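As the structure is a computational prediction, the values presented were derived from the model and not from experiment. We use all heavy atoms of the structure for the numbers below, so side chains are in, but hydrogens, waters and symmetry mates are not.
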Amino acid sequence: MQENLFDIKGKVVVITGGSGVLGSALSVYLGRQGAFLAVLARNEAKGNALVKNIKEEGGKALFHICDVTVRTSLEAARDAVVKAYGKVDVLINAAGGNMAGATIAPGQTCLDLSDDALRKVIDINLMGTILPTNVFLEAMKNQSEGVIVNFSSESSLRPLTRVIGYSAAKAALNNYTRYMAAELAMKFGEGFRINAIAPGFFLTEQNRTLLTQEDGSLTVRGENIISHTPFRRFGKPEELCGTIHYLISDASRFVTGTVAIVDGGFDAYSI
């Protein structure tokens with residue numbers, strides 16, 4: 001048996017949406033563990049700053065600007081990663097998001113939703129996972145193994161109010177993850193695994209105005225969430241790192257098709 005099942009030193013890890021709040025914390029952590037990072041995102045300034053931070057701590061990382069909904073953009077990023085590192089071991093699909101037109105504001109109903117906004121939200125969260133998976137699988141397929149982790153959400157498990165497009169896309173993502181578990185293992189070999197992580201409520205730039213006021217106090221929605229979370233707080237970005245580390249390491253080599261919930265007990269709590 002391998003002495004350290006959690007050893008990921010030298011693993012080439014590609015992370016989409018890598019410059020966001022959660023993606024950045026994860027990238028820094030994985031760099032500290034000795035993984036070779038490829039950070040993909042649309043924000044070039046944030047991406048380059050993150051890579052600089054990782055390198056200053058002794059890690060190895062590169063940044064490539066990328067739109068996860070455009071295949072040619074993904075293919076260019078994949079080719080750059082393979083040229084730099086020679087391979088791809090892990091893909092973490094952390095890109096995603098929401099927008100106002102796909103969210104039901106107070107005083108609105110589902111009839112007020114924007115068709116265009118709904119399509120964009122479903123595109124970035126669902127197709128923005130499927131396309132990177134297919135593109136980077138091309139770089140993995142001739143290896144003996146490859147690991148993929150998708151970012152799902154608490155809203156995929158319970159249809160939370162207001163975020164209709166986001167919830168629908170993330171629920172579909174769970175189904176896709178389970179489907180692909182069988183597809184990868186049976187078509188490419190037992191070394192190919194895919195799982196998802198479902199974060200509960202973490203403050204990010206996308207949800208901050210929904211959950212907190214300008215002075216930092218909670219909105220009504222934020223208060224409702226905290227009251228339904230047994231830990232009575234939001235998650236901290238670094239609290240996702242251990243679960244991700246487990247899922248991309250040999251410690252989980254017989255684990256595929258799962259959705260790991262990291263939510264401070266939100267999904268388990270009823271009354």
Side-chain angles (χ1 to χ4, degrees), residues 13 15-18 20-27 29-30 68 90-98 102-103 121-130 132-133 147-182 184 193-208 210-211 221-222 224-249 251-252 255-270:
V13 179
I15 176 167
T16 70
V21 172
L22 302 183
S24 293
L26 181 57
S27 295
Y29 170 80
L30 294 176
V68 294
V90 177
L91 170 65
I92 300 174
N93 285 308
N98 205 353
T103 301
V121 168
I122 292 171
D123 201 31
I124 184 68
N125 289 287
L126 183 57
M127 291 306 296
T129 295
I130 294 174
T133 297
V147 178
I148 300 166
V149 178
N150 298 327
F151 261 62
S152 183
S153 168
E154 186 73 53
S155 64
S156 72
L157 308 171
R158 297 189 178 197
L160 305 177
T161 59
R162 300 183 59 182
V163 289
I164 182 171
Y166 183 81
S167 294
K170 292 299 189 181
L173 180 58
N174 289 354
N175 182 279
Y176 170 74
T177 300
R178 294 173 67 85
Y179 169 84
M180 285 296 289
L184 292 178
R193 304 185 291 108
I194 184 169
N195 293 287
I197 185 170
F201 295 90
F202 293 72
L203 284 178
T204 67
E205 296 310 313
Q206 293 179 348
N207 67 15
R208 191 175 301 276
L210 284 174
L211 304 181
R221 187 173 181 83
N224 287 337
I225 288 167
I226 295 302
S227 69
H228 201 87
T229 302
F231 278 19
R232 294 294 188 261
R233 64 174 175 85
F234 296 122
K236 301 173 184 177
E238 60 270 22
E239 290 174 327
L240 294 175
C241 295
T243 302
I244 294 287
H245 191 158
Y246 164 71
L247 289 174
I248 69 174
S249 72
S252 62
V255 178
T256 194
T258 66
V259 179
I261 303 170
V262 185
D263 69 352
F266 183 95
D267 189 58
Y269 182 62
S270 177

Quick check: does any side chain N or O of [X] sit under 3.5 Å from a backbone N or O of [Y], one acting as donor and the other as acceptor?
| X | Y | value |
| --- | --- | --- |
| Arg232 | Ser227 | yes |
| Ser249 | Ala251 | yes |
| Ser156 | Ser153 | yes |
| Ser155 | Leu160 | no |
| Asn195 | Thr258 | yes |
| Arg193 | Leu247 | yes |

So how far is it from [X] [atom1] to [Y] [atom2], rounded to the nearest 0.5 Å?
| X | Y | atom1 | atom2 | value |
| --- | --- | --- | --- | --- |
| Phe266 | Thr229 | CZ | OG1 | 5.5 Å |
| Ile225 | Glu154 | CD1 | CD | 9.5 Å |
| Leu173 | Ser152 | CG | OG | 5.0 Å |
| Arg208 | Leu211 | CZ | CG | 9.0 Å |
| Ile244 | Ile15 | CD1 | CD1 | 7.5 Å |
| Ile92 | Leu26 | CD1 | CG | 4.5 Å |

Contact summary for [X] and [Y], nearest pair of heavy atoms:
| X | Y | result |
| --- | --- | --- |
| Gly97 | Tyr166 | O-CD1, 3.3 Å |
| Val259 | Ala198 | CG1-CB, 3.8 Å |
| Thr161 | Arg221 | O-NH2, 2.8 Å |
| Gly18 | Ser27 | O-OG, 3.9 Å |

Exercise. With sequence neighbours excluded, what pairs up with Ile130 under the side chain to side chain contact (heavy atoms under 4.5 Å, CB included) test?
Worked result: Leu126, Met127, Asn134, Tyr176
Problem set entry | Asp263, Val21, Asn207, Leu240 screened by side chain to side chain contact (heavy atoms under 4.5 Å, CB included) with Phe202, the one that passes |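 Of all the options given, the one that passes is Leu240.
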Problem set entry | Residues which pass side-chain hydrogen bond (donor to acceptor under 3.5 Å, both in side chains) with Arg162, listed by chain and number, not counting sequence neighbours |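 Scan of Arg162 (side-chain hydrogen bond (donor to acceptor under 3.5 Å, both in side chains), adjacent residues dropped) gives none.
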Problem set entry | Side chains of Thr177 and Asn150, donor plus acceptor under 3.5 Å |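 Thr177 vs Asn150: donor-acceptor pair found between side chains.
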Problem set entry | All ring-ring contact (aromatic ring centres under 6.0 Å, His included) counterparts of Tyr179, not counting sequence neighbours |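 Tyr179: no ring-ring contact (aromatic ring centres under 6.0 Å, His included) contacts found.
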